[in-house]
Amino acid sequence: MKKICVVTGTRAEYGLLYWTLKALQEDDTLDLQLCVTGMHLSPEFGLTYKQIEEDGFQIDKKVEVLLSSDSSVGISKSIGLGVISFSEAFTELQPDLVLVLGDRFEIFAAATAAMICKIPIAHCHGGEATEGAFDESIRHSITKMAHIHFTATEEYRRRVIQLGEQPANVHHVGALGIENINRLELLDRQAFEESIDFKLGKRNVLVTFHPVTLENATAAHQFKELLRALDELEDTHLIFTKPNADTDGRVIIHLIDEYVKAHADRSAAFVSLGQLRYLSALQHVDAVVGNSSSGLLEAPSFRKATIDIGDRQRGRIKAESVISCSPDHAAIREALRKAFSTSFRASLREVKNPYGEKNASEEIIRVLKEVDTEGLLKKKFFDLR
């Protein structure tokens, strides 16, 4: 059996990989190995590895990399520790291929270790651009270390090829999060309210905001500007999801906790909603506000307005439902006004998600079953003529 080692480090990434993991688990020609790392193993971020086990997956290795720091030094040390720990894990597990998703620092560490261990790498969601975060450089670096590529759009597929990857090894499968929308039975309004112990209001906003990691100490100022704009909304309830373990992420977490404590009657905050509750939230809220990729990749499928603040997602393909604005109070207030206007809400009925409607896991599994891992390691640069 071909051994496929999947690495996951965050709740969101695991949710995107869920159906691919299920398909790997059920296929009698593929042997799923699962390495869990990063935020999954942190009490501060909910020990979400327990949810993975509750979902019926066996965790083969828990790889500790996350230090109790969100400084640049702390993140750099986590990467170094990750390379050491993943090297040991891969040496023990001896996978035929390592499958990773995205652009986070712990995934960069895993890919680096796999490359040095001479293990072929398959990478999901390459070719994308996030010009305000160092995720951009990490993502392209993983692309150059990887041998098989699964992209979310045809434009991203062309970009991976532009980076010198062989076209035959670059597969447009769509955004992995779309499959959750297609296959999960989402909660109705009452069940969703009960699941989060919070009553929705006349109007509701889902807020997910992360630090812009290529900027210096802007997280607190930008988030305070967002809170000022949200504070001016009338008859509106707010659901906050807390940021990942990024540089300056704890600043935002502290501000969220303070705000919810002062506005408990109309706001709630969660470390992790999980895929079912998060997508159910998208179904029931009136707008998504912040700078999370989910506002661009999944929210358009629900024909909900997304307000994309600042530069974190600059460069990504965006649906007509996405309103981009600068990270200041006046611009955010104007974007909120537009999102709730009668004309914009009417236009949402015609929105199409540029990331497609496909179930990505089916194509991913087909490729993994067919690929000859023996011939992948010595890559030949594809030169555009």
Side-chain angles (χ1 to χ4, degrees), residues 12 16 102-104 125 127-136 139 152-153 155-156 175 177-178 181 203-215 218-219 221-230 232-233 236 238-244 246 248-249 252 255-256 278-279 281-283 285-341 343-345 347-348 350-356:
L16 297 177
D103 46 34
R104 287 187 53 78
H125 278 271
E128 300 176 18
T130 48
E131 297 171 8
F134 53 56
D135 301 6
E136 164 99 350
R139 186 186 308 108
T153 70
E155 181 176 330
Y156 295 153
I178 303 300
I181 299 171
R203 189 165 64 187
N204 303 279
V205 172
L206 179 63
V207 184
T208 305
F209 191 88
H210 301 282
V212 184
T213 52
L214 283 180
E215 298 175 356
T218 61
H221 174 73
Q222 291 185 5
F223 196 68
K224 287 177 181 177
E225 292 289 285
L226 169 57
L227 291 177
R228 279 184 63 198
L230 293 173
E232 296 173 1
L233 296 175
T236 303
L238 307 173
I239 300 173
F240 292 91
T241 62
K242 295 182 179 180
N244 292 326
D246 288 319
D248 291 337
I252 295 175
L255 290 171
I256 290 173
Y278 188 86
L279 293 175
L282 288 179
Q283 179 175 253
V285 299
D286 299 282
V288 180
V289 178
N291 58 10
S292 169
S293 61
S294 64
L296 278 58
L297 274 67
E298 285 101 355
S301 292
F302 293 91
R303 295 179 172 84
K304 297 296 173 73
T306 294
I307 297 175
D308 178 44
I309 300 170
D311 289 341
R312 185 179 173 93
Q313 301 298 337
R314 191 179 69 190
R316 268 208 167 110
I317 295 171
K318 298 177 183 180
E320 294 296 322
S321 55
V322 178
I323 304 167
S324 296
C325 69
S326 59
D328 63 82
H329 163 249
I332 298 169
R333 181 178 59 190
E334 177 58 24
L336 286 165
R337 185 202 62 76
K338 179 178 179 180
F340 294 129
S341 68
S343 59
F344 190 81
R345 289 174 68 86
S347 73
L348 293 173
E350 306 301 323
V351 165
K352 294 187 182 301
N353 192 334
Y355 294 93

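In this text, all values refer to a predicted model and were calculated from it rather than measured experimentally.
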Keeping Tyr355 on the side-chain end and Ile317 on the backbone end, is there a donor-acceptor pair under 3.5 Å?
yes
4.5 Å side-chain heavy-atom contact, His210 and Ile252:
no
Please give me the minimum heavy-atom distance between Thr241 and Ile256, naming the atom from each residue.
O-CD1, 4.3 Å
So, does Lys318 use its side chain to make a donor-acceptor pair with the main chain of Leu296 at under 3.5 Å?
no
What are the two closest non-hydrogen atoms of Ser293 and Arg316, and how far apart are they?
CB-NH1, 3.3 Å
How close do Val351 and Pro300 get, heavy atom to heavy atom, and via which atoms?
CG1-O, 4.0 Å
Is Lys304 reaching over with its side chain to a backbone N or O of Val288, donor-acceptor style, under 3.5 angstrom?
no
Please check if the side chain of Asn204 supplies one atom and the backbone of Ile239 the other of a donor-acceptor pair under 3.5 Å.
no
Roughly how far apart are Lys224 NZ and His221 NE2, rounded to 0.5 Å?
9.5 Å
Roughly how far, to the nearest 0.5 Å, is the CD1 atom of Ile181 from the CZ atom of Phe302?
4.5 Å
Arg345/Asp286 under salt bridge (charged side-chain N to carboxylate O under 4.0 Å, His left out): CA gap, chis, key distance, verdict
CA-CA 9 Å; Arg345 289 174 68 86; Asp286 299 282; 3.7 Å; yes
Using atom types as modelled and distance alone, determine if a side-chain donor or acceptor of Gln313 lies under 3.5 Å from a backbone N or O of Asn291.
yes
May I ask you to check whether Asp328 and Ser326 show a side-chain donor-acceptor distance below 3.5 Å?
yes
Taking the side chain as every heavy atom from C-beta outward, state whether Leu226 and Val289 have any atom pair closer than 4.5 Å.
yes
Identify the two heavy atoms, one from Asn353 and one from Ser301, that lie closest to each other, and give their separation to 0.1 Å.
ND2-OG, 2.7 Å
For the residue pair Val285 and Val205, establish whether any side-chain heavy-atom pair is separated by less than 4.5 Å.
no
With rounding to the nearest 0.5 Å, note down the distance linking CG in Leu297 to NE2 in His125.
6.0 Å
Could you measure the distance from the CG atom of Asp311 to the CD atom of Glu131? Nearest 0.5 Å is fine.
8.0 Å
Apply side chain to side chain contact (heavy atoms under 4.5 Å, CB included) to residues Glu136 and Asp103 and explain how you reach the verdict.
CA-CA 7 Å; Glu136 164 99 350; Asp103 46 34; over 6 Å; no
With a 3.5 Å cut-off and no angle check, do the side chains of Ser321 and Arg303 form a donor-acceptor pair?
no
So Asp135 and Arg312, salt bridge (charged side-chain N to carboxylate O under 4.0 Å, His left out) or not? Walk me through it.
CA-CA 9 Å; Asp135 301 6; Arg312 185 179 173 93; 3.6 Å; yes
Indicate yes or no: at least one non-hydrogen side-chain atom of Ile309 is less than 4.5 angstrom from one of Gln222.
no
If you look at every heavy atom in Ala339 and Ile307, which pair is closest and at what distance?
CB-CD1, 4.1 Å
If we ignore hydrogens and angles and just use 3.5 Å, is the side chain of Ser292 paired with the main-chain N or O of Gly295 as donor and acceptor?
no
How long is the straight-line distance from CG of Leu230 back to CZ of Arg333, given to the nearest 0.5 Å?
12.5 Å
Indicate whether the side chain of Ser294 and that of Tyr278 have a donor and an acceptor atom separated by less than 3.5 Å.
yes
Is the shortest heavy-atom distance from the side chain of Phe209 to the side chain of Leu227 under 4.5 Å?
no
Rounded distance [0.5 Å steps], OH in Tyr156 versus CD in Glu128
5.0 Å
Taking everything shown except Glu232 itself, do over 12 heavy atoms lie less than 6.0 Å from its CD?
yes
Looking at every heavy atom in both Pro327 and Ile332, which two are closest together, and how far apart are they?
C-CD1, 4.2 Å
